[in-house]
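To keep things clear, I will list the structure first and then write my remarks on it.
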Amino acid sequence: MTLEERLNLVKRENEILLNMGPQHPSTHGVIRFIVRADGEIMVEALPVVGYLHRGIEKLAEQTPYTGFIPYTDRVDYLAAMFANHAYVMGVEKLLGIEVPKRAEYLRVIACELNRIASHLIALGSMAMDIGAFTPFLHGIRERELINDITEMLCGARLTYNYMRVGGVSKDIDDRIIKKINDFLDRFLPGFIDEFNRLITNNEILVKRCVNIATVSADEAINFGLVGPNLRASGVKWDLRKNMPYSVYPELKFEVPVGEGFRGEVGDSYDRFVVRVKEMEESARILKQAVSQLPEGEILAKVPKRIKPPKGEVYSAVESARGELGYYIISDGTENPYRVKIRTGSFSAMKAIHIKSQGCFIADLVVLIASMDIVAPEIDR
Amino acid sequence: MSFTNYLANIRNSVVSIFEGMAVTFSWMLRRPHTVQYPDKVDKGHELIKEGFRGILEVDVSLCTGCLACQRTCPIGVILVEVSKGTERYITRFDIDAAKCMYCGLCTEACPTNAIRHTKEFAYSVDDIRKLVLHYIKEPVKPYKPVKDATPDNFNAGRFVSEIVKNREKEYVEYEAPSVKIPDGGQTEKEKN
Amino acid sequence: MNISEVHTEVKKFFPEKISDVIASGPLSFFYFEPEIIKELFLVLRDKIGMEFKHLSYIAAVDNKECFELVYCLYSYRWGNVIHLKTRLSRENPIIKSISDLFVAAEWHEREAYDLMGIIFEEHPDLRRIMMPDDFEGHPLRKDFKEKDNYHGIPTSREKILGKF
Amino acid sequence: MFEISSKILDYFGISSDFSVIVVVLVFFVYGLFALTFASLFAGITSWYERRIAGRMQSRIGPNRVGYQGFWQWLADGLKCWFKEDIIPKDTDSVLFRIAPYFVFTGVLSTFVVIPFSPTIVGSDMNVGLVYIIAITALVVAGILMAGWASNSKWTLLGGIRSAAQMISYEIPVALSLIVVIIPAGTLSLQKIIQMQGGAPYNWFIFHNPGTFAAFFIYFTSALAEGNRTPFDLPEAESELVAGYNTEYSGMRFLFFLFAEWMNLYVIGAIATAVFLGGWRIPGIAYEVQAASLWLQFVGFIIFLIKALLLVNVIIWLRWTLPRLRIDQLMIMCYKYLIPLSVIMILLSVFFTVIYYSLPFLSLAVRIVLFILSLIVAGYFGYRVYFNIKYFPDKTYLRWMI
């Protein structure tokens, strides 16, 4: 069945077909929606993905284990650290390597910085899709400070390639720690409160998001939603708490859950607020991690050519967009036999398709933004 | 919708708009965070942090010809040719800067820090072939590593090599070095 | 409930159709016969004590001799994750769709159909998802050969390094 | 302008045979003046708005062309002149071509009654306010034309949205102006200004609680009628790509934007004239001001400053608020603004009647309202100070950099 046949199958009279994307201001990259609308009200928004499909899973089969780390950056360009972390953790499990404590802390620091940066973009672009420009640029401004830190930490601002099998590539120094502390001082009470005053509590935004595309807890689980989208529906599930990895058990933090802050549990506004609260928690984790940073090695003893024994592994981390997992099959050679990447945005797209039915066209924009999808994560 | 709800809506809107406008007005009185790009280009380079992964450069005098970088590169950006014979000569060291993704794996693999990143990042040219940087003009003897050398010994300071700077003028169709290699060594071209 | 407990529980329902638990590296899983997929997943989803209500992903693997489908299930209530596998023949890779049990399965099955060529019966909307509709072949198969061009567009770039 | 024409006729002793020519000439010159003023205002506002937006978002904004990028608007205009005027295939080409001019004319025609000073006004019609409400309906026609003629679904949606929105919001605009017309007893803008005093507490906004609220209702609904954020649904760029002007390019596209920025001044000017005392100078009687050319000029400057302050507020609102949804927009109009403005009309009637029997109450209410608004402004200043203190970042009071 082709796309055209699918559309002809369901098309009714008095409907207009709107082609939203792949080049549209609010589809966040190259995602296409075919909107079947009756006036302003949609019948459904059919997602058409694949415009950014680069076959990363196929590339993995032809690339050595270490050489694939830069590719993982490209899976989710807004939160590349998590992709690094999940993949590297998987290979370490296959090899059975113990990672030094300091390296684990550095990974946590890098990841949580990245989570804040990613959420800033998500919240800002959601505000921008609703029509407020200023919060987006305020978010970008703070993210720029994080980018400066990651640039000092690993030499790149977007595609980090920071983690290695067995540790991390560069050590942290006092200047970077000072910069992180400066950023946290500015961020935690100051920026978040101001951001809330500027946009989160804004009545227009609240009215635009409340009770729009409500996903109940059962639906969220069945749709396969993960991360902040799942937690906004009231399911308290965070891989950092429930299936602890790295040094997260040693750090104290809360898992924010959607409580129906202004409307029903699991609406778009809950997804917005949960992300704001997650940024606060990340900043708290960062404060602890920076102060507890142990001394020691940053890279374990790893053979120069990585040849894991035969076996399979599934390693997942809690990324900014939810569970990001790498299912790796090793056949004992230098290249992985098969890599499957499980991403949060992929399942969110199906939820968007279902939840778009009966919304306004303007609500579709809110729905897409509140699910925080990133195009390369869907297509890979 | 009850009447109190109606009034609460009006109050919420007025209060939240008032607060939002206070925030935006307070930012009217602050200094912008952006740097004026065309005005302060030199400053821009200083703003790049130490350890930035820019264009790759090669200090050929330090190269041991071990091919570690070529093997590590996941996308095949580096091409090194070493002549075989009684005495080894490096006859070719090319980097395709157009294809490079700046992952930095080659710099970590290099035992002598001969290949490294510069801070250079802006390099648009009118022909993609000009972005292939040739580092070897004449066959070079490989560097013999010192026993107790650490990578820091070799990295005197990060400089932008002449080849990176003058890439526009430097572009010539690549030819194998014409200088005869002593001791019966052969370049790849002569072999064919 | 970890994988072995799930295995003993499920074995009571389908004694013949389920293999033993296999540990391959850090991951443990068991195989099941493709024809019992619907019943098996219904039990896994709804039986009290298991409640694997979240389907994380479906990975299709080309095993040279056969195709393997890997199903990963989460139970948020009990905090468990299990992996199950099934084998399909290369010549006739057909299996029942579970998209009526898990909404999330719909797109994962479309992906497996698109990239590996596995056909899911009773799937509501089995179309290509990543590749264009007129694409030939299934790229994640190990024997997939890339064509020279697609609609006249060459698929390979000339190698600059080799030439100069 | 008739007054000025007759003065000129008297001064030069021109016989009545040629008076038509002189009158036409005077009107032509005034028309050119109004067009130039509006175009300059629209152009400069386009640059000014970008600079203000830049500062609010902690960036710089256009600063390359001329001092502080002041000539940016001219550069943009020139660029649009030289751009190709693309008319897409399958458009209704006649409607497509003339639509921008409808919008432009609709806004520019309001300058006929918008006063600059006691005597400098196109025509002091006795139905001035009704004329403004009527003539702006041309804008709806133009936008709907553009949306229809472009032969694109996005533009059609934008055009329909715009028609629904602008026609709905004409009602609260008219109703809120009636609140002032009751105490003023006239529809002529010049007469309304005359009836106000120069000092702030003599303005109509502080006349009674009804007019005070009516000012905000007018301001909100005028924003909606002028398609400005938070009511810019017809061109909501995150939903409808660019709304009704998606398919336009070059100078035709610019005419839409011209109309939008000119409309800023129109909103500000009407609010100034009706609510904020217009060109009145504090402590100077109307007759004295009308007789002296210099005082008229001072009055013009005062009028401009008040209007510009309101334009600033509009720009500031745009860079603060998100956009409403179409049903919320309609709810706001029919459930909030119209009932409220009807209540304000009743309040206004009540107070106008009361003032006849109790004249001292008039002054008391005015002063109380004035002090109230000063308190709100003071609290606002405190909030701004609080924000600056709470999130320490370098303050920099120079508004340009």
Side-chain angles (χ1 to χ4, degrees), chain A residues 1-6 46-53 55 57-58 61 90 93-94 96 217-226 230 235-237 242-243 308-316 323 325 327-330 337-343 346-347 349-351 353-354 378-380, chain C residues 22-29 45 51-64 68 70 72 74-81 83 85 99 101-108 110-112 114-116 123-135 139-142 144 146:
Chain A
M1 193 160 58
T2 61
L3 181 61
E4 208 172 324
E5 287 163 10
R6 161 77 166 81
L46 188 70
V48 180
V49 300
Y51 291 89
L52 215 58
H53 180 61
E57 291 172 8
K58 185 83 179 170
E61 293 168 13
K93 272 188 201 164
L94 275 174
D218 285 346
E219 277 178 329
I221 294 171
N222 201 12
F223 290 171
L225 289 184
V226 283
L230 178 73
V235 183
K236 199 161 189 169
W237 178 268
N242 296 63
M243 295 185 171
K310 260 191 172 185
E312 293 167 29
V313 73
Y314 177 68
S315 75
E323 182 186 336
Y327 171 68
I328 307 166
I329 302 180
S330 152
Y337 184 76
R338 170 89 165 92
V339 172
K340 160 84 188 174
I341 310 169
R342 186 264 186 273
T343 56
F346 188 78
S347 37
M349 281 300 276
K350 181 63 201 167
H353 179 210
I354 293 168
I378 301 163
D379 298 347
R380 302 188 294 278
Chain C
I22 299 162
S24 165
L27 198 73
S28 301
F29 52 86
R45 192 185 74 163
E51 286 163 83
F52 290 95
K53 286 181 188 291
H54 172 85
L55 177 87
S56 187
Y57 66 92
I58 301 171
V61 182
D62 183 357
N63 224 352
K64 300 240 168 80
E68 278 183 2
V70 186
C72 172
Y74 271 83
S75 165
Y76 286 150
R77 179 137 182 220
W78 305 107
N80 289 330
V81 53
H83 285 74
K85 279 192 177 188
S99 55
L101 299 177
F102 301 93
V103 174
E106 189 179 330
W107 274 40
H108 286 291
R110 275 178 71 187
E111 196 191 347
D114 185 5
L115 300 180
M116 201 62 95
H123 188 280
D125 188 16
L126 197 63
R127 285 180 290 128
R128 283 192 176 271
I129 185 165
M130 305 293 180
M131 295 295 171
D133 281 338
D134 57 351
F135 192 84
L140 272 187
R141 288 188 180 183
K142 289 282 175 187
F144 173 74
E146 199 180 9

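In what follows, chains are A, B, ... by sequence order, proteins preceding strands, each numbered from 1. Treat the numbers as computed from the prediction; the structure is a model and nothing was measured.
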How many angstroms lie between atom [atom1] of [X] and atom [atom2] of [Y], to the nearest 0.5 angstrom?
| X | Y | atom1 | atom2 | value |
| --- | --- | --- | --- | --- |
| A:Glu323 | C:His54 | CD | NE2 | 5.5 Å |
| A:Ile221 | C:Glu51 | CD1 | CD | 10.0 Å |
| C:Asp62 | A:Glu61 | CG | CD | 8.5 Å |
| C:Tyr74 | A:Asn242 | OH | CG | 10.0 Å |

State, yes or no, whether a side-chain contact exists between [X] and [Y] at a heavy-atom distance under 4.5 Å.
| X | Y | answer |
| --- | --- | --- |
| A:Arg342 | C:Cys72 | no |
| C:Val70 | A:Lys340 | no |
| A:Tyr327 | C:Ser56 | no |

Do the side chain of A:Tyr314 and the main chain of C:Pro26 share a donor and acceptor less than 3.5 angstrom apart?
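Pair absent, no side-chain N/O of A:Tyr314 close to backbone of C:Pro26.
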Within the distance-only criterion (no hydrogens, no angle test), does the side chain of A:Arg338 pair as donor or acceptor with the backbone N or O of C:Asn63 below 3.5 angstrom?
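Not at all, since once roles are kept as given, no pair shorter than 3.5 Å links the two residues.
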Is it the backbone or the side chain of [X] that comes under 4.5 Å from a heavy atom of chain C, or both, or neither?
| X | result |
| --- | --- |
| A:Leu225 | backbone |
| A:Val49 | both |
| A:Asp379 | both |
| A:Glu219 | neither |
| A:Leu46 | side chain |
| A:Val48 | neither |

Of the backbone (N, CA, C, O) and the side chain (C-beta and beyond), which part of [X] lies under 4.5 Å from a heavy atom of chain A, both, or neither?
| X | result |
| --- | --- |
| C:Arg77 | neither |
| C:His83 | side chain |
| C:Leu115 | side chain |
| C:Ile22 | neither |

Is it true that C:Tyr57 and A:Phe346 have ring centroids separated by less than 6.0 Å?
no
Is the charged tip of C:Lys64 near the ring of A:Tyr337: under 6.0 Å from the six-membered ring centre and within 45° of its axis?
no
Before giving the answer on side-chain contact (heavy atoms from CB on, under 4.5 Å), spell out for A:Lys93 and C:Leu27 the whole-Å C-alpha distance, their side-chain angles and the decisive distance to 0.1 Å.
CA-CA 10 Å; A:Lys93 272 188 201 164; C:Leu27 198 73; over 6 Å; no
Pick from A:Lys310, A:Met243, A:His353, A:Met349: which one has the most heavy-atom pairs with chain C under 4.5 Å?
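The candidate making the most pairs under 4.5 Å is A:Met243.
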Most contacts with chain A, counted as non-hydrogen pairs under 4.5 angstrom, among C:Ala60, C:Ala23, C:Ala105, C:Ser28
C:Ala60
Between C:Glu146 and A:Lys58 (salt bridge meaning N to carboxylate O under 4.0 Å), is one present in this structure?
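No, no charged N to carboxylate O under 4.0 Å.
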What is the minimum heavy-atom distance between A:Ile354 and C:Val103, and which atoms define it?
CD1-CG1, 3.4 Å
With sequence neighbours excluded, tell me which residues meet salt bridge (charged side-chain N to carboxylate O under 4.0 Å, His left out) with A:Lys350.
C:Glu106
Quick one: do C:Leu140 and A:Glu57 satisfy side-chain contact (heavy atoms from CB on, under 4.5 Å)? Show the steps, please.
CA-CA 8 Å; C:Leu140 272 187; A:Glu57 291 172 8; 3.7 Å; yes
Not counting sequence neighbours, which residues clear side-chain hydrogen bond (donor to acceptor under 3.5 Å, both in side chains) with C:Ser99? List them please.
C:Ser97
